[in-house]
Every structure is written in structure tokens, then in C-alpha cells.
Amino acid sequence: GETMPVRTMPNNLDAEKSVLGCAFLSKNSLTKICEDLYSDMFYSEQNQKIFEAIKRCYNDKIPIDITTIMDELDKKKDLTAIGGVDYVSEVIDSVPTAAHIDTYIKIVKDKAVIRNLIGTATDIITNAYEDDEDITNLLDNAEKKILNVVKERQTSDFIHIRDAIAIAQENLEKLSQNKDDITGVPTGFYDLDRVTSGLHAGEMIIIAARPGMGKTAFALNIATYAAQNTNKAVAIFNLEMP
């Protein structure tokens, strides 16, 4: 019978080389690479080892150039494994400018996520074939694994202090112009609104109390008030009911 062609894992070695090449070209790129990428996002072991050497120099505040990186690789006995000075030179010459660093980083990250997805999906398939697991556990674990891949893909929500201050100032100005103290969606409970200035986008508010204390009734009151007195849509999910 015919043999199936062996599939290689998705990767982009040119983008990996370009990312590493950019580290030698600009301080800004070097910072981005070391802050945004991890060693296992590189498919090629050679590129992984060079990235690790770059990261160590970056952490130790050693300037990055062909000599320092070769020295760092040599210290870890990695120089011959990666193909010596020839491969390091090839990496440095792989990209003429660091202008497209964001694109290269995105490609490397995306390929790593896809490989992770393939690995995760393979695990899910293996578990499903074993068939000795409770169906609920099987589905829960599959969902958890896929969500972990999704979570890994999301970028960080850090913003520059400059932007954070601008947003805070804008909110303070809104508050000072707003006579009724409420900038968000009102709850209808005067004291609560005074403390929170209403409910705002991006907030997750947890109502905690012992059973039977009226948490649900309280939340329904807020939802009803918001639905009747604002133009916002309100959705209620009750996970306790079947």
C-alpha cells in the first residue's frame, strides 16, 4: 500500500530568522523580542538556542553583537550544535531593517499557537479513543484544553502609563462636569451608585453573601433597573438551574 506523506508541523523559519536578525539591529526590537517571545515559540532548535543566548545577554545588560552572542553560545556548549559562526552570520544578515519586527513576531507567535492547537487536539483525540472516561469529564477537559490555547493567544492588556493617566484624567473631568456623580450604568441603589459611580465597561462585579441572603433578588433588581432606565441591553445567565 501507499505510505502517507509525513506532515511537518506548521512553522516559518524565515520569520524566526528575521526576528532574531532584528535583535541585532535595534534596541527597540530587542526589547520587543525578549518581552513578547518565549524559547519554545521557535520551531527550529538552532533558532531556540540563539534566542536563549540573546535573552540571557539582554537580561544581563550585555550589548548584543556577533561576538557577545557567539561567546554566550560557546559558554553553553551550543555553538557547534547551531552550526557555528556561519549560521549566526546568516541570521544577522537575514533582514536588512527592523521595520517589520511586529509582523515577524506575529508570524512566529501564530505558528506556535497553531502547533499548540495541533498538540492539544491530538491529546483530545487520544483521550476520546481511550473511552474509559466519563463523558462529562472528557468534554470538560477538552474544553479546558482548547480554552488554554485561546488564552495563550491573547495579548497582554498592559498599557503605557501615559495612556492610563490620560484615561483617568478624562474620567475625572467627566465626573466633575456630571452633576449626579454617575458615569456608568446606575444600579438604582443610591448609596451603591455614590460609591461606584455606576457600573462601567470591563468591570466584573461579584456579589458575595451566605446562601438565602438575597443575592439573586439584589442582582435581578439591578438588572431590572438598568433595563428600564437606560438604553443598555441586559442579559442574565443562571448557571444553577438546569
Side-chain angles (χ1 to χ4, degrees), residues 5-122 145 148-168:
V6 177
R7 283 173 155 183
T8 52
M9 279 290 213
N11 65 80
N12 187 324
L13 297 183
D14 289 337
E16 290 185 9
K17 266 159 93 171
S18 301
V19 154
L20 298 173
C22 287
F24 294 86
L25 292 175
S26 90
K27 263 276 184 45
N28 182 31
S29 296
L30 173 65
T31 306
K32 274 188 179 171
I33 291 159
C34 291
E35 302 292 331
D36 281 9
L37 295 174
Y38 300 105
S39 163
D40 58 7
M41 288 180 174
F42 290 85
Y43 181 68
S44 139
E45 206 175 325
Q46 287 172 294
N47 296 337
Q48 254 182 32
K49 288 186 185 335
I50 293 176
F51 172 77
E52 284 162 10
I54 289 172
K55 182 98 189 226
R56 285 194 298 275
C57 287
Y58 171 76
N59 289 342
D60 296 341
K61 312 245 180 310
I62 297 168
I64 309 281
D65 58 37
I66 188 160
T67 316
T68 55
I69 293 304
M70 298 268 290
D71 187 48
E72 194 55 47
L73 287 162
D74 205 24
K75 265 195 267 181
K76 293 275 172 192
K77 309 273 183 288
D78 282 340
L79 196 52
T80 21
I82 64 122
V85 64
D86 289 350
Y87 188 69
V88 179
S89 307
E90 202 180 300
V91 162
I92 293 173
D93 296 338
S94 66
V95 63
T97 157
H100 304 301
I101 181 62
D102 292 332
T103 309
Y104 303 141
I105 286 176
K106 185 178 183 308
I107 294 169
V108 171
K109 272 184 162 176
D110 286 356
K111 294 293 181 194
V113 170
I114 292 169
R115 289 197 299 275
N116 190 358
L117 181 62
I118 290 170
T120 302
T122 308
K145 283 175 177 166
N148 278 337
V149 176
V150 173
K151 200 165 67 190
E152 217 174 80
R153 184 166 181 267
Q154 286 160 356
T155 50
S156 105
D157 289 324
F158 286 119
I159 60 168
H160 198 285
I161 186 74
R162 225 185 12 238
D163 305 327
I165 288 171
I167 293 165

> Indicate yes or no: at least one non-hydrogen side-chain atom of Y58 is less than 4.5 angstrom from one of I33.
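With C-beta onward as the side chain, the pair stays apart.
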
> For Y104, run the side chain to side chain contact (heavy atoms under 4.5 Å, CB included) check against V19, D14, L37 and tell me which one passes.
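Passing option: V19.
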
> Applying side chain to side chain contact (heavy atoms under 4.5 Å, CB included) between P10 and each of D110, I114, V113, report the one that passes.
I114

> Does S26 use its side chain to pair, donor to acceptor, with the backbone of C22 at less than 3.5 Å?
no

> Assess whether salt bridge (charged side-chain N to carboxylate O under 4.0 Å, His left out) is satisfied between K49 and E45, documenting all intermediate values.
CA-CA 6 Å; K49 288 186 185 335; E45 206 175 325; 3.5 Å; yes

> Would you say the side chains of T68 and D65 form a donor-acceptor pair under 3.5 Å?
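Per modelled atom types, T68 and D65 side chains form a pair under 3.5 Å.
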
> Evaluate side-chain contact (heavy atoms from CB on, under 4.5 Å) for F51 paired with Q48, printing each intermediate quantity in order.
CA-CA 5 Å; F51 172 77; Q48 254 182 32; 5.8 Å; no

> First locate atom CD1 of I107, then atom CG of N12, and finally report the distance between them rounded to the nearest 0.5 Å.
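Going from the CD1 atom of I107 to the CG atom of N12 covers 5.5 Å.
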
> Between R56 and L73 (side chain of the first, backbone of the second, donor and acceptor by atom type, cut-off under 3.5 Å), is there such a pair?
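Answer holds: no.
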
> So, taking the atom named NZ in K109 and the one named CG in N116, what distance separates them when rounded to the nearest 0.5 Å?
13.5 Å

> Would you say the side chain of L13 lies within less than 4.5 Å of the side chain of E16, judging by non-hydrogen atoms?
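They are in contact (side-chain heavy atoms under 4.5 Å apart), so the answer is yes.
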
> Less than 4.5 Å apart, any side-chain heavy atom of Y43 and any of R115?
yes

> Got a donor-acceptor contact below 3.5 angstrom from the E52 side chain to the S39 backbone?
no

> Quick one, I69 and C57 - any side-chain contact, counting heavy atoms below 4.5 Å?
yes

> Nearest 0.5 Å, please: how far is CG in L30 from CD1 in I64?
5.0 Å

> Do the non-hydrogen side-chain atoms of F24 and V95 ever get within less than 4.5 Å of each other?
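Of all side-chain heavy-atom pairs linking V95 with F24, none is under 4.5 Å.
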
> Taking K55 for the side chain and C34 for the main chain, is one N or O donor matched with an acceptor at less than 3.5 Å?
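Yes, the answer is positive, given that a donor and an acceptor are paired below the 3.5 Å cut-off.
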
> Between S94 (side chain only) and K17 (backbone N and O only), is there a donor and an acceptor less than 3.5 Å apart?
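Here the side-chain-to-backbone pair exists.
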
> Which heavy atom of I54 sits nearest to which heavy atom of A23, and what is that distance?
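Scanning both residues completely, I find the closest heavy atoms to be CD1-CB, 3.9 Å.
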
> Counting heavy atoms not belonging to K145, are there more than 12 under 6.0 Å from its NZ?
yes

> Are any non-hydrogen side-chain atoms of F42 and L20 less than 4.5 angstrom apart?
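With C-beta onward as the side chain, the pair touches.
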
> Quick one: pull up NZ in K76 and CG in D71 and give me the separation to the nearest 0.5 Å.
12.0 Å

> Going from NZ on K106 to CD1 on I101, what distance comes out if it is rounded to the nearest 0.5 angstrom?
14.0 Å

> Please give me the minimum heavy-atom distance between Y87 and I82, naming the atom from each residue.
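Heavy atoms of Y87 and I82 come nearest at CB-O, 3.3 Å.
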
> Taking atom CG of L117 and atom OG1 of T122, what is their separation to the nearest 0.5 Å?
9.0 Å

